[in-house]
Structures are given as C-alpha cells and as structure tokens.
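Below: the structure, in structure tokens.
These values consider heavy atoms only, across backbone and side chains, with no hydrogens, waters or symmetry-generated copies. All values derive from a computational prediction rather than experimental measurement.
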Amino acid sequence: MKISYQNNGVTVFESELMCTTCTLIERADHLLLVDPNWLPSEVAFIAKEVERRRGDRELYLLFTHSDYDHIIGYERFRDSAKIIASENLLTNQQADEQMREIRKFYDQYYLPTPWPITYPREASIQVKADYEEHLIGTTHYQFFQAPGHNPDGLITFLPEAGILIAGDYLCAVEFPFIYHSISAYQKTLASLQNLIERENVSLLIAGHGPVSTEQQELKERGRLAQWYLSHLIAYGKSGTPFPEQELWRLYPHYPIIQGKFHQDNLKLAKRELEA
Ligand SMILES: [Zn+2]
C-alpha cells in the first residue's frame with residue numbers, strides 16, 4: 001500500500017481509491033489511527049502495521065466524519081481500539097445510508113465482505129461542544145466540530161506537534177464537496193484558516209490526496225477553497241455563471257466524477273441560497 005508521508009511518528013497511508021488517506025500517529029504512550037480505508041487488502045496492511053508497532057500501547061481510532069469511505073474499516077478495529085468521534089457522528093440518523101453504500105461497494109466490485117458492516121454508535125471520547133481539549137496519555141488534542149462537507153465532521157489538532165487532521169477540507173485533489181450546508185462549510189473553512197494563521201501548523205493531513213508541510217501551500221489551499229465557495233455563493237444567490245473553465249483548469253484530472261459533485265454543489269447552492 002502506498003505510504004504518502006512518514007516522519008516523526010506520523011505515517012499517512014493512501015488508498016488507490018480516490019487517494020483516500022488513513023493516518024497513524026505514534027506517541028510514547030498510545031497510537032492514534034484515523035479513518036482506516038478502503039480495500040480489504042489495504043485495511044489488512046494497515047492493521048498489520050498497527051500491530052507491528054503497537055507494543056503494549058493503547059490504540060485510539062478517530063473518525064473525521066461518517067462518509068462511508070472513512071468509516072469502512074471500523075469493524076476491523078472496534079474490539080482493539082478506543083473510539084473518538086463527534087456526538088453528531090455517533091447519533092447520525094442517516095447512518096443506514098452509509099451502511100448501504102459500504103454494502104454496495106463490496107457488491108459492485110465482487111469483494112467478499114471482510115467483516116460485518118456496522119456503524120460506530122459508542123465512543124470513549126465523544127466530542128459534543130464546538131471545541132474541546134482532551135489529554136490522551138501526555139498528548140494534548142484539540143477537537144473542533146467541522147460541519148459543512150457533511151453534518152458530523154471533526155477537525156483534530158495536536159499543538160505540540162503542529163499536526164492538523166482536516167478530514168475532507170483543504171484537499172489538494174478536489175474542490176469543496178458540499179453534502180450538508182454551504183454556510184456551515186464557509187464557517188468551518190474560516191475557522192480552519194484562522195487556525196492556520198494563528199498556530200504553527202507543520203503538517204496538514206487532508207482526507208484525500210497529499211499532505212502539506214508548507215505554510216504557503218496551506219494558505220493557498222484555503223484560498224482556493226474560498227475561491228470556489230465565493231463563486232458557488234454568487235451562483236446560488238444571483239445566478240452569476242460559475243467560471244467552469246477556470247475550475248477545470250485547476251482540477252483537470254477527474255472531470256467525470258468531480259463534474260457530478262460540482263453539479264450537486266450548484267443544485268445545493270440554488271436550494272440553500274436563492275433569495
Ligand atoms: Zn472523503
């Protein structure tokens with residue numbers, strides 16, 4: 001399996017499917033695993049790496065949000081890990097939809113279902129407030145609710161190490177995909193941009209595609225997302241045509257699937273913003 005980043009106790013695995021990332025953070029007294037995914041062989045590879053390195057340390061499993069590609073490996077780790085998730089994820093009323101998508105995924109590629117398909121409903125650390133700090137072992141974790149892309153996103157920051165785990169925000173391989181709310185997305189993006197201005201972020205891990213370790217690039221990703229949102233909002237509010245040519249010049253690689261996501265965003269903009 002591709003390892004897209006490895007340094008200072010941080011390993012980022014990248015699936016061959018949609019460049020979806022899975023992160024393993026090793027601290028002196030625990031490991032944190034984030035969104036293990038997609039293919040059974042890839043999750044098996046990740047599980048083997050976790051076991052190889054774990055020793056007698058506690059394992060925590062964090063979900064950045066409930067989109068099915070990010071929770072697909074839950075059952076593989078549920079008995080060996082303590083779960084961290086937002087309260088919104090744990091109480092998600094549309095969980096069946098994600099379960100259905102997982103079932104459909106195994107079915108359409110003739111993949112034997114590797115373990116029962118289940119949804120996380122309980123957690124050792126359940127993040128309820130907009131912002132919470134938790135101490136795990138000797139490591140401080142900051143958690144921020146991050147609705148917008150979907151309703152139950154959670155952003156995680158480790159101030160001592162400067163590690164920012166952003167879920168599906170600030171991905172280099174895609175513009176904002178918005179399944180939930182454009183105004184919520186804007187707020188989340190603004191707080192992410194504030195955090196990047198305020199803190200010393202040395203590593204940004206996004207849910208799809210490469211990490212970033214460069215301040216310039218971090219800010220550029222924020223600016224690009226902002227560019228997309230502002231045109232989406234102008235389209236939704238007053239019908240100003242979206243600069244499609246510019247969009248596909250910036251994101252030339254996956255026009256069929258991303259074209260569909262863009263069309264869905266445009267429809268949401270009309271629904272949510274039209275006066
Ligand atoms: Zn995703």
Residue pair [X] / [Y], side-chain heavy-atom distance below 4.5 Å:
X	Y	answer
Pro151	Asn88	no
Met1	Ile46	yes
Glu133	Tyr141	no
Gln226	Gln193	yes
Tyr74	Thr118	yes
Tyr179	Asp264	no
Tyr235	Thr240	no

### Message
What I want to find out is whether Glu132 reaches Lys128 closely enough, with some N-O distance under 4.0 Å, to be called a salt bridge.
### Response
no

### Query
Can you pull the ring pair (Phe, Tyr, Trp, His ring centres under 6.0 Å) pairs that have at least one residue in residues 6-25, sequence neighbours excluded?
none

Kindly say whether the aromatic ring centers of [X] and [Y] come within a distance under 6.0 Å.
X	Y	answer
Phe242	Tyr228	yes
His262	Tyr251	no
Tyr106	Trp38	no

### Query
If you look at every heavy atom in Tyr169 and Pro147, which pair is closest and at what distance?
OH-O, 3.1 Å

## Note on the structure
The side-chain contact (heavy atoms from CB on, under 4.5 Å) partners of Lys48 (sequence neighbours excluded) come to none

### Message
Does anything in residues 67-81 form a salt bridge (Lys or Arg N to Asp or Glu O under 4.0 Å)? List the pairs, not counting sequence neighbours.
### Response
Glu75-Arg78

### Task
Just grab all the salt bridge (Lys or Arg N to Asp or Glu O under 4.0 Å) pairs involving residues 99-109, residues at least two apart or on different chains.
Glu101-Lys104

### Query
Who passes side-chain hydrogen bond (donor to acceptor under 3.5 Å, both in side chains) against Arg223, sequence neighbours left out?
Glu220

### Task
Would you please test Ile72 and Trp115 for side chain to side chain contact (heavy atoms under 4.5 Å, CB included) and show each step?
CA-CA 10 Å; Ile72 194 166; Trp115 41 74; 5.7 Å; no

Let me have the donor-acceptor pairs involving side chains of residues 198-213, under 3.5 Å, with sequence neighbours excluded, atom names and distances please.
| unit_1 | atom_1 | unit_2 | atom_2 | d |
| --- | --- | --- | --- | --- |
| Ser202 | OG | Ala161 | O | 3.0 |
| Ser202 | OG | Gly162 | O | 3.4 |
| His208 | ND1 | Met18 | O | 2.8 |
| His208 | ND1 | Thr20 | OG1 | 3.4 |
| His208 | NE2 | His70 | NE2 | 3.4 |
| His208 | NE2 | Asp168 | OD1 | 3.4 |
| His208 | NE2 | Asp168 | OD2 | 3.3 |
| Ser212 | OG | Glu214 | N | 3.3 |
| Ser212 | OG | Glu217 | OE1 | 3.0 |

### Any donor-acceptor N or O pair under 3.5 Å, side chains Glu42, Ser15
yes

